[in-house]
**Student:** 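The structure that follows is given in the form of structure tokens.
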Amino acid sequence: MNSKKKLIKNLFSIEKKNCIITGGLGGIGFKIAKLMAHNKANVIIIDRKKQNIKYKNIHCYQSDLLNENKTKNLIDKIHTKFGKIDILINALGISDENSFINNINTNLISVYNLTKIVINKMKTKGGSIVNFTSLNSELGFSNNPGYVSSKGALKMLTKSFAIDYAKYNIRVNNIGPGYIKTKMTKKRFQNKKSRNLRLSRIPFGRYGNPEELFGAIVFLISDGSKYITGQDFYVDGGFLAKGI
Ligand SMILES: NC(=O)c1ccc[n+]([C@@H]2O[C@H](COP(=O)([O-])OP(=O)(O)OC[C@H]3O[C@@H](n4cnc5c(N)ncnc54)[C@H](O)[C@@H]3O)[C@@H](O)[C@H]2O)c1
């Protein structure tokens, strides 16, 4: 390790890195995008939501990532504009209790398609990819088999990508949030019974905030985790460690 890298601030620096965040206008994605931009990364948000974001170091593209051809054209355009892609954070996702296939299409297939396209751009210089899994990647939860299946499969897709592309110095890891306060968890949070059930399972006794994922993300996208790939990191207030 050279002497510059020995300084902690340099080891974890994300300055001037070009970073795509899919689902970057979501509850978690947008908080992370702003924190990254504040730390001088060049952030490129892709989200199907339309929004006029004016924020230093953040560029926004509206696109539905279910459309593979449109996704390929968009990544070509981004690559041409910025010259390289260093980091990809897949923070898009849906939880649809009424449709098995909608969860699979968004949370698994669109992530697979987009990541393959980005990996092709990363092959010459290497890169780091973070996929958002879930407690549902480890445990079964009721009434949403599509979400559980999509997140279980995504966990393994990450490992498969990690071993296939390690030779290009492309690292791929998972972050699995526990219960984080966003639009996705709002309905259950507002219902006293289901909120208390969840709180009783979380050793910290509270939901997490999106900002509390940032440390783990910075670790995974920076040189601080240079020799780590194919791993699962749960930021869950202790949920998965708890028995009865
Ligand atoms: N919030 C939690 O407690 C929690 C827990 C575990 C896992 N996660 C995962 O973390 C990620 C982020 O969750 P969140 O809470 O920020 O959700 P969110 O609903 O606030 O944000 C998701 C974003 O993804 C975007 N999106 C969805 N489908 C898209 C598509 N086809 N093309 C482009 N953009 C699309 C949405 O527009 C939205 O902005 C998701 O993968 C989710 O499954 C969240």
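Just follow the structure's listing: the first ligand is 1, and inside any ligand the first atom is 1. Sequence positions, counted from 1, serve as the residue numbers for this chain.
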**Student:** Does either side chain, that of N42 or that of N57, offer a donor lying less than 3.5 Å from an acceptor on the other one?
**Tutor:**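 Side-chain D/A pair, N42 to N57: absent.
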**Student:** Under the salt bridge (Lys or Arg N to Asp or Glu O under 4.0 Å) criterion, do E138 and K151 qualify, and how do the steps go?
**Tutor:** CA-CA 9 Å; E138 298 293 333; K151 292 296 183 178; over 6 Å; no
**Student:** Pair T22, I89 - check side chain to side chain contact (heavy atoms under 4.5 Å, CB included), show working.
**Tutor:** CA-CA 6 Å; T22 66; I89 299 174; over 6 Å; no
**Student:** Test of understanding: with ring pair (Phe, Tyr, Trp, His ring centres under 6.0 Å), list the residues that count as partners of Y112, not counting sequence neighbours.
**Tutor:**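 If we apply the ring pair (Phe, Tyr, Trp, His ring centres under 6.0 Å) test to Y112, skipping adjacent residues, the hits are F161.
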**Student:** List, ordered by chain and residue number, the protein residues whose closest non-hydrogen atom lies under 4.0 Å from any atom of ligand 1.
**Tutor:** G23, L25, G26, G27, I28, D47, R48, K49, S63, D64, L65, L66, A91, L92, G93, I94, T106, F132, T133, S134, Y147, K151, P177, G178, Y179, I180, T182, M184, T185
**Student:** Salt bridge or not for K159 and D232, using N-O below 4.0 Å?
**Tutor:**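 Salt bridge between K159 and D232, a charged N being under 4.0 Å from a carboxylate O: yes.
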**Student:** With a 3.5 Å cut-off and no angle check, do the side chains of N174 and T133 form a donor-acceptor pair?
**Tutor:** no
